[in-house]
2 protein chains.
Amino acid sequence: MAYTVKQVSEITGVTKRTLRFYDKIGLLRPAGMTEAGYRLYDDNNLELLQQIMFLRELDFSLKQIKDIVTSSQYDRKQALIRQGELLNRKAERLKALAELAIKTSRSIEGSVNTSMNKKEMFKEFDMSRITEHKNKYAGEVKQRWGNTDAYMESQAKTAAYTEEDWKRIHKFQLSNVEQMARLFKQGVAAESDEVQRLVKEFQQFITDNFYNCTKDILRGLGEMYVADERFKAYFDKYAEGLAVFVSKAIQHYCK
Amino acid sequence: MAYTVKQVSEITGVTKRTLRFYDKIGLLRPAGMTEAGYRLYDDNNLELLQQIMFLRELDFSLKQIKDIVTSSQYDRKQALIRQGELLNRKAERLKALAELAIKTSRSIEGSVNTSMNKKEMFKEFDMSRITEHKNKYAGEVKQRWGNTDAYMESQAKTAAYTEEDWKRIHKFQLSNVEQMARLFKQGVAAESDEVQRLVKEFQQFITDNFYNCTKDILRGLGEMYVADERFKAYFDKYAEGLAVFVSKAIQHYCK
DNA sequence: ATAAAGGGTGACGTAAGGTCAGTGTCAATA
DNA sequence: TATTGACACTGACCTTACGTCACCCTTTAT
């Protein structure tokens with residue numbers, strides 16, 4: 001079953017522009033294209049789109065949504081159940097707000113001011129409880145990702161690497177650490193733009209060649225560089241104290 | 001009771017930046033200013049802010065909110081009651097979505113595809129019911145505003161009209177309706193250019209001689225021409241069914 | 001064969017703030 | 001009295017998630 005943009009738009013209520021946008025940012029890539037470059041969606045696309053819409057309804061940003069649904073840890077069935085819970089929670093918040101509105105309206109006796117407590121007037125608007133759970137949900141996926149998953153992805157990727165690839169990788173790694181060492185010896189701060197740029201390059205490098213290196217994972221690496229003697233030795237070979245320096249730079253970058 | 005930005009921010013959960021923004025766009029002007037230019041809010045400001053937050057929760061745009069709360073027709077108590085209803089409606093939509101999520105999750109049996117109907121998968125996302133009511137709410141205020149206001153404008157204008165003016169007015173009205181009747185009898189469609197031109201002339205005529213006849217108001221007139229027996233009789237005197245014809249022409253024009 | 005309907009890209013616009021830089025003010029403390 | 005830290009101000013630019021517009025190409029129906 002292939003659907004054109006228009007059809008998808010009609011089935012789902014999402015505008016054509018939005019579909020093109022989601023394609024562009026890589027959130028929802030159509031399953032295929034015609035020769036003329038027309039987008040063609042399939043049933044999987046529709047299922048994903050439904051997921052996206054649920055998550056949007058819960059006010060996740062598109063970026064977060066992308067992280068969530070592209071995680072290999074992602075299990076649609078489990079996700080739907082969690083989403084159901086969160087939607088209920090949100091509904092309850094709205095119910096409470098509705099009650100507050102009614103209650104407030106009753107506290108207005110004609111022109112007499114039976115004024116409510118000010119804080120009470122805004123109590124139900126508080127979103128922290130929901131936000132907290134949202135973060136937990138977004139986190140749940142990422143957390144596990146960091147551990148088992150990154151490793152497996154890395155294994156899968158590197159299995160196919162040629163000698164050429166490995167050369168390239170070593171070359172980059174060497175260049176990156178040498179630049180770090182140079183700046184470190186020059187006394188440049190770990191928080192400086194130059195150093196931070198190197199950290200960013202490093203993160204991108206890991207992502208490109210091994211696994212999706214999120215900030216959480218990167219932070220983990222940074223900690224390891226000082227905690228694990230082998231890594232520490234590797235860095236300190238270039239300059240005494242470089243491990244700590246790099247670790248600091250990474251911590252700062254991940255804030 | 002005067003509150004600083006920080007205090008308001010703490011009581012309501014709205015950020016300082018947002019408060020400044022609302023001030024800038026004229027949505028929530030602080031009751032006073034210190035000599036140094038510090039904003040000072042009072043209890044009325046807080047009440048208004050609560051209103052704003054309710055309306056935001058209902059996804060009204062700030063512009064709409066401004067229109068609503070600055071309307072002369074605005075009655076806070078009534079508004080709170082309406083808002084309570086709308087919030088409940090929104091909560092129910094979320095409940096339905098939650099159920100859909102659960103239902104969808106159950107339709108996934110391991111890897112077996114008990115696929116749901118595609119349209120069903122997106123049914124509950126449809127916002128038209130809520131949007132409709134929202135428009136109604138935003139409209140309600142404007143409606144009354146438009147009417148009473150147009151009426152007063154009209155009164156002011158016509159008070160100064162001479163007999164000469166009235167003759168001119170009657171003449172136009174007669175000519176307009178007669179042309180309508182002629183085209184109608186000839187079987188010309190209500191959507192045709194000729195008829196539409198007459199409608200446009202009519203709108204301009206009202207605007208010039210009575211009050212600013214917006215499309216909204218014109219639409220209202222069109223509805224009245226069939227709903228109100230006296231108007232209906234006036235038109236049907238020229239030709240049986242003319243009232244409906246004119247009404248249709250106006251509806252088409254106002255799209 | 002031609003028009004209408006649908007598709008494409010790219011550029012620009014918008015709403016509702018967030019973020020940052022630079023500066024002024026107030027209350028309390030040293 | 002001087003200073004310091006919290007709080008305030010403005011203005012400029014950044015961001016997200018699209019809408020809108022202009023302009024051009026395909027597909028389908030007549």
Side-chain angles (χ1 to χ4, degrees), chain A residues 2-41 45 48-49 51-69 125 127 131 134 138 191-193 196 252-253 255, chain B residues 2-41 45 49 51-69 125 127 131 134 138:
Chain A
Y3 309 88
T4 69
V5 272
K6 178 127 202 254
Q7 288 168 331
V8 173
S9 171
E10 269 162 9
I11 294 172
T12 66
V14 169
T15 70
K16 290 182 276 176
R17 169 71 232 247
T18 300
L19 290 172
R20 263 183 288 135
F21 182 64
Y22 287 176
D23 182 2
K24 192 175 182 183
I25 64 174
L27 180 56
L28 181 66
R29 302 236 115 109
M33 290 274 191
T34 70
E35 284 200 353
Y38 284 24
R39 290 170 181 78
L40 289 177
Y41 296 84
N45 287 147
L48 178 51
L49 183 50
Q51 286 296 296
I52 294 170
M53 289 174 75
F54 275 126
L55 290 166
R56 286 249 44 197
E57 202 63 50
L58 290 164
D59 302 307
F60 284 94
S61 75
L62 295 186
K63 196 179 234 260
Q64 288 175 304
I65 294 177
K66 193 175 168 185
D67 285 352
I68 292 174
V69 300
F125 285 105
M127 299 187 102
T131 311
K134 257 186 52 181
E191 294 80 12
S192 71
D193 286 352
Q196 290 298 303
H252 181 263
Y253 177 81
K255 269 202 318 186
Chain B
Y3 310 88
T4 68
V5 272
K6 178 130 203 248
Q7 288 167 331
V8 173
S9 171
E10 269 162 7
I11 295 172
T12 66
V14 170
T15 70
K16 292 183 275 177
R17 167 70 229 245
T18 300
L19 289 171
R20 280 205 303 275
F21 182 65
Y22 287 176
D23 182 3
K24 192 176 181 183
I25 64 173
L27 180 56
L28 182 66
R29 302 236 113 107
M33 290 273 191
T34 71
E35 285 200 352
Y38 284 25
R39 290 171 181 77
L40 291 177
Y41 295 85
N45 287 148
L49 183 51
Q51 286 295 298
I52 293 169
M53 290 174 73
F54 275 127
L55 290 166
R56 285 248 44 199
E57 203 62 50
L58 291 163
D59 303 308
F60 284 93
S61 76
L62 295 186
K63 195 180 232 259
Q64 288 176 305
I65 294 177
K66 195 176 168 185
D67 284 354
I68 291 173
V69 299
F125 284 106
M127 299 188 103
T131 312
K134 258 187 52 181

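Throughout, protein chains are lettered first and strands after them, A, B, ... in sequence-line order, and every chain is numbered starting at 1.
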Measure from [atom1] on [X] to [atom2] on [N] and round the result to the nearest Å.
X: A/Leu40; N: C/dG8; atom1: CG; atom2: P; answer: 9 Å
X: B/Lys66; N: C/dA15; atom1: NZ; atom2: C1'; answer: 14 Å
X: B/Asp23; N: D/dT10; atom1: CG; atom2: P; answer: 8 Å
X: B/Leu55; N: C/dA16; atom1: CG; atom2: C1'; answer: 16 Å
X: A/Tyr3; N: C/dG6; atom1: OH; atom2: P; answer: 19 Å

Exercise. Between B/Lys16 and D/dA8, is there a side-chain N or O to OP1/OP2 distance below 4.0 Å?
Worked result: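 Affirmative; the distance criterion is met.
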Distance-only, no hydrogens or angles: does the [X] side chain make a donor-acceptor pair with backbone N or O of [Y] under 3.5 Å?
X: B/Ser9; Y: B/Val14; value: yes
X: B/Asn45; Y: B/Ala31; value: yes
X: A/Lys66; Y: A/Leu28; value: no
X: A/Arg29; Y: A/Asp23; value: yes

Exercise. Taking only residues two or more places apart in sequence or in another chain, which ones pass salt bridge (charged side-chain N to carboxylate O under 4.0 Å, His left out) with B/Lys16?
Worked result: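 Checked B/Lys16 against salt bridge (charged side-chain N to carboxylate O under 4.0 Å, His left out); zero matches.
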Seminar exercise, completed: Expected string for nucleotides 17-30 of chain D under the B/S/- scheme (protein heavy atoms, under 4.0 Å, primed atoms plus P, OP1, OP2 as sugar-phosphate) is BBBB-----BS---
